[in-house]
Amino acid sequence: MKEVLLLKLGEIALKGLNRKTFEDVLIKNIKRRLRDLGEFSISSRQSTIYVEPLDGSADMDLAEERCAKIFGVVSYTRAGEAEKTLDSIREKAGEYLRDVLEEAATFKVEAKRSDKKFPHKSPEIAMELGAYLLERFPHLRVDVHRPDVTVWVEVRESAAFVHADARPGAGGIPVGSGGRGLVLISGGLDSPVAAWSMAKRGLELTAVHFASPPYTSELAHDKVVRLLEKVSQYAGRIKLVTVELTHLQEAIRDYCPEELGTVILRRYMLRAAQRVAQDEGCLCLITGESLGQVASQTLQAIACTDAAVHMPVFRPLIGTDKAEIVKTARRIDTFDTSIEPYEDCCTIFTPKHPRTKPTLEMVERGEAAIDGEALLEEALRTASAQHIRAY
Ligand code: ATP
Ligand code: MG
């Protein structure tokens with residue numbers, strides 16, 4: 001029996017004149033994600049995207065798994081295709097949903113007729129199918145309020161589709177419909193979640209990671225690559241730029257006031273990131289900071305950090321608790337990788353008593369002790385790039 005994937009559009013269905021553009025981006029993303037899984041036809045009709053396998057080799061299980069991670073899809077389901085006759089609908093529904101209906105005790109039928117030329121109205125389709133299923137699965141009862149399973153019938157232009165309840169999709173809006181942002185990625189818990197959050201709102205991502213060899217190892221870098229591979233299942237291809245900050249960090253350690261070391265380092269990270277962003281066509285920076293989490297994430301420290309750049313810095317986690325971040329990290333499967341214990345350049349040379357309420361004047365004075373410009377240029381010359389994609 002022919003099976004398709006139906007992807008329902010969320011917010012983008014509401015985007016008025018831009019809707020077509022959003023849909024086009026989404027379809028392009030779906031095609032890219034399914035490219036290696038066989039031949040599919042992907043088309044959009046009536047706020048739904050149809051993913052139809054064109055031959056037996058198409059892997060529907062993997063296709064479904066990947067579609068669950070595509071932003072712009074609010075819910076998705078696999079559906080059996082029937083001819084547009086009551087007979088065919090009844091028979092295919094019984095066959096296609098046999099397993100779920102055998103497991104269930106109660107059910108109801110919801111019918112939708114978007115092809116108004118179909119001679120039977122929705123309530124009639126629901127009644128006919130309900131009666132048929134009761135006969136075919138005598139253990140079932142109808143419960144219209146809290147059924148174990150809802151059997152959906154959608155009579156559309158091309159065919160009729162039967163399916164059980166749709167699953168929630170990744171939500172958000174399609175990656176690539178909102179420009180490009182540069183995420184500062186560490187090996188921690190927060191920045192991968194921050195990256196995912198912004199991709200969810202349509203941004204394409206480039207990533208920058210700061211390393212400080214020999215204080216940080218190749219293993220720490222490999223961890224970042226593996227984290228980005230996970231994020232890339234949602235965000236698509238990500239270019240990772242790695243910049244070495246060793247000399248800059250040593251200079252800050254040796255010449256700047258110790259209690260301001262962290263905030264000064266963060267200002268240089270943002271400056272370096274801004275330069276990478278300009279080269280890579282990114283219009284914003286993204287970090288995983290959350291207000292008050294550590295000394296460098298107090299309001300005063302963040303104000304000093306932001307003053308170093310003139311580009312929007314998005315902190316999608318600013319108002320979230322660690323527990324919420326952990327929940328998302330588990331959902332997107334970055335948690336186990338994030339908690340692997342590798343050093344990060346932010347955690348080497350940390351001051352014993354970092355100042356939690358620095359002022360910009362204090363920080364600028366502290367920074368004057370080093371030739372930051374030259375050290376920044378030197379750091380940027382170490383930049384190397386690689387492309388990361390989940391599949
Ligand atoms: P995370 O869990 O993302 O590491 P964190 O709570 O450990 O965050 P910090 O280490 O202070 O906080 O880092 C704050 C933010 O700065 C990170 O979320 C990330 O965006 C950026 N950042 C930290 N270290 C690096 C690094 N080595 N390379 C690139 N960005 C970094
Ligand atoms: Mg960290």
Side-chain angles (χ1 to χ4, degrees), residues 181-199 205-213 215-225 227-228 230-231 238-246 248-249 252 261-277 282 284-298 301-302 304-306 308-309 311 313-326 328-330 332 334-351 354 356 358 379-380 382-384:
L182 180 71
V183 60
L184 285 78
I185 188 101
S186 67
L189 258 174
D190 305 333
S191 42
V193 173
W196 176 86
S197 306
M198 297 310 297
L205 298 179
T206 300
V208 65
H209 174 65
F210 299 112
S212 282
Y215 307 103
T216 63
S217 68
E218 197 48 47
L219 290 172
H221 187 264
D222 173 63
K223 178 183 178 186
V224 167
V225 169
L227 284 171
L228 286 176
K230 300 277 186 190
V231 175
I238 301 171
K239 179 173 177 183
L240 168 65
V241 178
T242 303
V243 174
E244 292 179 9
L245 293 186
T246 317
L248 189 54
Q249 282 200 265
I252 294 171
T262 307
V263 66
I264 292 175
L265 172 61
R266 298 206 53 77
R267 279 162 60 85
Y268 277 103
M269 280 187 170
L270 256 64
R271 287 182 177 114
Q274 175 169 263
R275 289 278 296 275
V276 174
C282 302
C284 66
L285 304 178
I286 301 159
T287 79
E289 288 158 307
S290 152
L291 195 63
Q293 201 184 75
V294 288
S296 63
Q297 297 177 21
T298 62
I302 287 177
C304 290
T305 309
D306 270 12
V309 291
M311 177 173 262
V313 181
F314 291 148
R315 298 178 171 87
L317 309 183
I318 198 70
T320 55
D321 296 343
K322 204 69 185 185
E324 298 169 90
I325 299 170
V326 164
T328 310
R330 287 192 191 280
I332 65 173
T334 52
F335 182 82
D336 290 338
T337 311
S338 283
I339 61 172
E340 290 173 14
Y342 296 113
E343 65 295 324
D344 181 61
C345 74
C346 265
T347 53
I348 58 173
F349 316 151
T350 42
T356 53
L380 288 165
T382 67
S384 62

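All ligand and atom numbering here is 1-based and tracks the order in the structure.
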Only heavy atoms of [X], strictly under 4.0 Å: list the atoms of ligand 1 that pass.
X	value
Gly188	1 (P), 2 (O), 4 (O)
Leu189	2 (O)
Gln297	6 (O), 9 (P), 11 (O), 12 (O), 14 (C)
Asp190	1 (P), 2 (O), 3 (O), 5 (P), 6 (O), 8 (O)
Thr287	20 (O)
Gly288	17 (C), 18 (O), 20 (O)
Val208	29 (C)
Ile185	26 (C), 28 (N), 29 (C), 30 (N)

For this session: Would you kindly specify which portion of Asp344 sits under 4.0 Å from ligand 1, judged on non-hydrogen atoms: side chain, backbone, both or neither?
Result: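 The part of Asp344 near ligand 1 is the side chain, not the backbone.
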Exercise. Between Val183 and ligand 1, which residue portion shows a heavy-atom distance shorter than 4.0 Å: side chain, backbone, both, or neither?
Worked result: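 Neither part.
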Problem set entry | Leu228 side chain near His209 side chain, heavy-atom distance below 4.5 Å |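 Leu228 vs His209: side chains apart.
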Give a yes or no on whether the backbone of [Y] and the side-chain of [X] come within a donor-acceptor separation of less than 3.5 Å.
X	Y	value
Thr382	Glu244	yes
Thr246	Pro213	yes
Ser191	Gly187	no
Thr298	Thr356	yes
Glu343	Ser217	yes

Problem set entry | Heavy-atom proximity to atom 6 (O) of ligand 1, best of Gln293, Lys322, Met269, His209 |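 Going through Gln293, Lys322, Met269, His209 one by one, Gln293 has the nearest heavy atom to atom 6 (O) of ligand 1.
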For this session: Give the C-alpha distance, both sets of side-chain angles, the deciding distance and a yes or no for side-chain contact (heavy atoms from CB on, under 4.5 Å) between Ser290 and Ile318.
Result: CA-CA 4 Å; Ser290 152; Ile318 198 70; 5.7 Å; no
Exercise. Are any of the N or O atoms of Gly187 closer than 3.5 Å to those of ligand 1?
Worked result: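 No, no N or O pair falls under 3.5 Å.
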